[in-house]
Amino acid sequence: MEQFLLNVNGKNLEVNVDPNTPILWVLRDHLNLVGTKYGCGIAQCGACTIHLNGAAVRSCQLPISSIGKNKVTTIEGLSENGEHPVQKAWLEHDVPQCGYCQSGQIMSASALLETNTNPSDEEIDSAMNGNICRCGTYTRIKAAIKTASKS
Amino acid sequence: MNKVKTSIGRRSFIKRSTIAGGGIMLSFNWLASCDMTPNQVKALPKEWFKINGFLKIGENGLITIMSPNPEIGQNIKTSMPMIVAEELDANWDDVIVEQAPLNTSIFNRQIAGGSQSIRQGWNSLRMAGATARAMLVEAAAQNWSVNQNEIITSKGQLIHKATGNISGFGPMASLASEMKVPKEVSLKEISDFKIIGTSRKNVDGAKIITGQPLYGLDYSADKMLIAMIIHPPAFGMQFKSMDTSQIKSMPGIKDVFSIKTQLEDYTKQWCDTDSFNEIAVIVGETTWQVMQAKKELEVKWELAPEKTEKVQGWAGEFKATIPSGLESSSDHMKLMASMENKKAKVVRQDGNPEAMFKKAVKVVERTYTCPYLAHNTMEPMNFFADVTDDKATLVGPIQTPEAMEKSVSSRLGMPLEKIDIQMTRMGGGFGRRLYGHFLTEAAVISKTMKSPIKLIYTREDDMSQGSYRPTYRATYRAALDKNNNLIAFHVKAGGIPESPIAANRFPAGAIDHYLAESWELKSNISVGAFRAPRSNFIAGAEQSFLDEVAEIAEKDPIQFRLDLLQKAKENPVGKDNDYDASRYAGVLELVREKSNWDNSSEGIHRGVSAYFCHNSYVANVLDIKVENGNPIIDKIYCTVDCGIVINPDAAKNLSEGGLIDGIGHAFYSSMSFKDGVPEQQNFDKYRLIRHSEAPKKIQVDFVKNEISPTGLGEPTFPPVIGALANALYRASGRRYYNQPFITDKQIVG
């Protein structure tokens with residue numbers, strides 16, 4: 001067990017955990033931020049995507065000891081009240097079916113739009129390919145990303 | 001208006017229960033808290049008046065509608081309350097939705113399965129809204145001293161034109177809750193619908209996109225511990241012993257033990273697992289700590305002997321034998337191939353197919369196969385349990401709460417009334433959560449620990465547990481005469497451990513000489529319903545075969561099918577045909593029109609298919625473009641006849657999902673075995689369709705009619721596999737017979 005100081009969603013937080021604990025489980029079990037989902041544990045499905053200094057990363061493979069002073073943003077901290085353009089576009093297109101993968105999809109999409117405000121279909125595919133949706137909402141996700149990119 | 005007798009259970013009309021604030025359903029406040037629609041502007045009322053088991057109305061006009069069935073992504077949590085709100089004549093913006101708990105005295109068939117929720121809920125949901133509306137009208141009539149027949153309702157208002165009286169539902173709710181339940185109510189004419197048939201947003205949408213706790217895996221309670229399991233590594237093996245001494249001293253670990261999901265003399269229900277009964281359990285404080293202990297725990301397994309189990313089937317109790325042995329996929333393929341020459345069970349015969357095959361000028365024979373599939377819901381199996389001496393509270397994702405309540409009651413030796421099952425939103429179902437062993441396991445673990453626990457399966461536990469889509473094989477034969485008329489048809493199909501045949505479906509009924517034969521092989525690899533069971537294979541096989549027969553007969557593939565359907569409509573063969581040939585032809589004609597089939601463009605390779613299953617009709621035209629030697633799905637035209645469409649945009653979403661899911665599984669996915677061990681246990685080896693592989697565009701069109709609604713969760717999945725195979729053929733010159741297509745011969749190029 002070790003003490004860690006984290007910056008999550010703009011707040012400084014302290015946790016006392018095994019240094020190998022992936023940030024996914026720190027968020028879910030210790031900080032009660034359950035919007036970040038467990039899907040595979042091996043960085044293959046994208047359900048656990050968060051932002052580390054604004055870049056999309058898979059939290060299931062990221063030990064807390066590697067976070068340091070980097071800023072962690074989760075779906076809960078993406079915007080105040082779901083007002084991020086990507087979240088608004090998701091509602092406009094009524095994207096979710098079961099919804100479980102969607103916070104990871106939204107985190108990947110919002111990170112993409114931070115660096116590329118007008119991505120092509122191919123750029124969207126490439127940025128989003130690590131996020132699986134078993135319900136098959138891919139065409140709506142792409143449409144929502146395009147809507148968000150225009151706002 | 002149609003007068004109908006009310007048939008809602010009396011207990012659903014509990015009189016005047018004016019519980020303030022959080023409402024009457026306080027016991028599931030975690031699930032019900034603040035389920036506001038995005039449009040919700042009204043504050044929560046000071047007082048709720050329960051009109052019936054489906055709804056309560058606040059003094060300020062806010063309406064809570066209970067959604068009775070489990071939500072797995074099919075969006076019934078929005079569409080079922082829409083039906084109630086329609087007959088209530090509510091203003092949808094005044095409606096908040098709560099997930100109902102399991103309560104068989106109020107709600108019918110609280111199952112998510114078989115694409116049946118809307119179809120089977122249709123009447124009772126309408127009735128619930130209509131009776132509540134009638135009680136509000138009666139209350140207003142008393143209040144205003146006018147004739148209730150003169151009162152109209154509109155968008156949450158009661159109006160008496162002659163006197164100018166107008167009231168919202170809120171002020172009348174208290175009095176309405178004291179009215180007698182009418183013996184007869186009027187239902188709206190379909191043409192008067194104002195909510196049904198209009199697109200309404202997912203009531204959980206705002207919560208989903210902000211990451212609020214909704215799913216079983218998100219559930220937590222005070223003093224809750226985390227439990228994980230280890231099941232045998234191979235089908236055909238069972239628990240023997242384990243050394244727990246080192247593990248118990250690991251950080252955060254509370255206990256390590258083994259449990260039996262069911263006891264020896266238990267008669268299994270259909271929703272109980274056939275996989276591993278005795279499993280190792282580790283309980284600890286946090287998920288990561290338990291995961292570490294799980295890696296270290298050494299369990300000894302042994303070969304399982306042949307077992308005989310009592311099973312409660314639809315037609316009574318029977319004994320099922322589960323063979324011993326460690327099975328491999330290579331052996332499965334050989335065993336299935338060996339069935340070709342063995343006698344099989346005739347499940348339908350019309351005319352004299354044998355004689356006609358002898359007379360045929362051309363005989364076309366093709367064989368199709370598919371592998372096992374894992375469900376892979378994105379949210380792995382999990383359940384919360386808090387079992388004490390006198391109560392069991394179970395919370396989580398389950399498609400079959402009613403059946404599992406019986407299962408857990410038997411296992412705990414606790415009467416049904418002491419068991420409280422609450423349903424969370426589910427991170428996917430697809431049939432996997434029909435089999436609720438994880439619920440029973442959670443209950444047994446909680447009872448053993450005397451503590452609330454949440455059981456979590458890792459992805460590997462989930463993918464290697466079983467309940468798979470079976471592996472199937474089908475051989476089709478068609479006989480053509482010298483004029484290329486289809487004169488006889490033969491299908492012989494089977495699988496491990498069940499056959500995919502639906503003998504009375506098209507083209508049965510359209511061909512005078514028809515034979516369907518079925519076979520099955522036993523296995524200890526457990527299977528379960530997977531989105532559109534059996535149809536998810538046989539539709540693609542049949543629709544690929546018909547395409548090839550049409551080509552050999554030199555006919556247009558749509559016209560070829562329509563000609564057969566015309567025959568089935570005008571002069572059907574046999575009496576048991578389970579489809580309506582007109583509706584079947586209707587979706588094909590519509591897709592021909594929408595896709596502009598007769599004027600296709602250059603560089604576009606098109607495949608068509610149509611199928612009827614789960615009471616709905618679907619046709620597809622799928623367009624492939626070849627770019628750099630790779631097949632790209634450019635567009636899918638999908639036409640659907642599921643009767644009245646409740647929530648059109650959500651229905652389109654679900655249809656699109658079924659198409660993508662069908663394409664993905666047919667093209668990429670496979671579960672294989674080596675000596676009983678599942679060879680794919682996570683998404684590094686198990687392929688699911690990804691963003692870049694999804695169709696570029698999907699257009700869904702619904703046939704407009706006033707037929708009572710049927711389901712949509714399953715029907716778009718099966719036929720698209722045929723359209724895909726047929727389009728791939730047009731693009732590549734190769735027919736695809738063996739799923740997954742990615743490993744069947746060479747991909748286009």
Side-chain angles (χ1 to χ4, degrees), chain A residues 1 17-18 20-22 25-26 28-30 32-42 44-45 47 74-76 78-79 81-82 84 86-88 90-91 94-103 106 121-122 124-142, chain B residues 38 71-75 199 201-202 204-206 208-215 217-218 220 226 251 286-289 291-292 376-380 425-430 456 458-460 649-650 653-654 656-661 664 682-684 688-692 694-698:
Chain A
M1 293 292 214
V17 293
D18 166 10
N20 293 322
T21 311
W25 296 111
V26 175
R28 291 187 59 85
D29 282 1
H30 299 270
N32 199 27
L33 292 168
V34 295
T36 307
K37 302 302 188 204
Y38 166 70
C40 70
I42 59 165
Q44 290 291 313
C45 78
T74 70
I75 186 78
E76 292 93 341
L78 187 62
S79 66
N81 296 305
H84 188 282
V86 170
Q87 289 169 311
K88 279 160 71 179
W90 244 248
L91 285 183
D94 218 7
V95 171
Q97 287 183 37
C98 89
Y100 190 80
C101 74
Q102 299 295 348
S103 43
I106 289 169
D121 279 11
E122 289 69 29
I124 293 173
D125 284 343
S126 147
M128 301 300 294
N129 239 23
N131 289 79
I132 296 175
C133 173
R134 167 72 221 269
C135 298
T137 61
Y138 295 132
T139 47
R140 282 191 184 229
I141 288 173
K142 191 172 279 175
Chain B
E71 173 64 63
I72 57 177
Q74 76 283 49
N75 208 22
S199 294
K201 302 282 188 199
N202 186 331
D204 278 341
I208 291 168
I209 58 115
T210 53
Q212 299 308 299
L214 279 170
Y215 303 91
L217 212 62
D218 304 341
S220 67
I226 299 295
T286 69
T287 313
W288 183 246
Q289 288 170 330
M291 280 180 165
Q292 300 319 295
N376 290 327
T377 59
M378 290 312 293
E379 179 194 17
R425 187 178 185 86
M426 283 178 251
F430 313 109
I456 301 175
T458 63
R459 174 58 60 195
E460 290 83 359
D649 187 56
N653 195 355
L654 191 54
E656 292 160 7
L659 297 168
I660 293 173
D661 202 23
N682 207 327
F683 297 126
D684 52 345
L688 286 174
I689 191 168
R690 289 178 182 268
H691 275 273
S692 61
K696 301 298 165 205
K697 291 186 271 314
I698 300 175

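By convention in this document, chain letters (A, B, ...) are assigned in the order of the sequence lines, proteins followed by strands, and residues within each chain are numbered from 1.
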One option among A:Lys142, A:Lys88, A:His30, A:Arg140 has the most heavy-atom pairs under 4.5 Å with chain B, and it is A:Arg140
Side chain, backbone, both or neither: which part of A:Leu78 has a heavy atom under 4.5 Å from chain B? neither
Would you mind checking if B:Asp204 and B:Arg425 are paired as a salt bridge, meaning a charged N to carboxylate O distance below 4.0 Å? yes
Check for me whether A:Arg134 meets the cation-pi criterion with B:Phe430, that is, NZ or CZ under 6.0 Å from the six-membered ring centre and within 45 degrees of the ring axis. yes
Ranked by heavy-atom pairs below 4.5 Å to chain A, first place among B:Leu688, B:Asn376, B:Thr458 goes to B:Thr458
Donor-acceptor pair, side chain of A:Gln87 and main chain of A:Ile106, under 3.5 angstrom: no
For the candidates B:Asp649, B:Thr377, B:Ile698, which exhibits the highest count of non-hydrogen atom pairs separated by less than 4.5 Å from chain A? B:Asp649
Most chain B-contacting option - heavy-atom pairs closer than 4.5 Å, from A:Gly99, A:Cys101, A:Ala47, A:Ser79: A:Gly99
If I measure from the heavy atoms of chain A, does B:Ile209 come under 4.5 Å with its side chain, its backbone, both, or neither? both
With side-chain contact (heavy atoms from CB on, under 4.5 Å) as the criterion, how do B:Trp288 and A:Val17 come out once you've worked through the C-alpha distance, each side chain's angles and the decisive distance to 0.1 Å? CA-CA 10 Å; B:Trp288 183 246; A:Val17 293; over 6 Å; no
With no hydrogens and no angle check, just 3.5 Å: does a side-chain donor-acceptor pair link A:Asp18 and B:Gln289? no
Bottom line for B:Met426: the part with an atom under 4.5 Å from chain A's heavy atoms is backbone
Given that the side chain runs from C-beta out, which part of A:Val95 has a heavy atom under 4.5 Å from chain B: side chain, backbone, both or neither? backbone
What's the spacing between A:Thr137 OG1 and B:Asn653 CG if we round to 0.5 Å? 7.0 Å
Who wins among A:Ile75, A:Asn20, A:Asn129, A:Thr139 for the most heavy-atom pairs under 4.5 Å with chain B? A:Asn129
Where does A:Gln102 contact chain B at under 4.5 Å (heavy atoms): side chain, backbone, both or neither? side chain
Given that the side chain runs from C-beta out, which part of A:Ile124 has a heavy atom under 4.5 Å from chain B: side chain, backbone, both or neither? neither
Give, as side chain, backbone, both or neither, the part of A:Asp94 having an atom under 4.5 angstrom from any heavy atom of chain B. both
From CA spacing to verdict: salt bridge (charged side-chain N to carboxylate O under 4.0 Å, His left out), B:Asp218, A:Lys37: CA-CA 9 Å; B:Asp218 304 341; A:Lys37 302 302 188 204; 2.6 Å; yes
Passes side-chain contact (heavy atoms from CB on, under 4.5 Å), B:Asn202 versus B:Asn75? Steps please. CA-CA 7 Å; B:Asn202 186 331; B:Asn75 208 22; 3.6 Å; yes
What part of B:Leu659 lies closer than 4.5 angstrom to a heavy atom of chain A: side chain, backbone, both or neither? neither
So A:Tyr38 and A:Trp25, would you call those rings parallel, tilted or perpendicular, with 30° and 60° as cut-offs? tilted
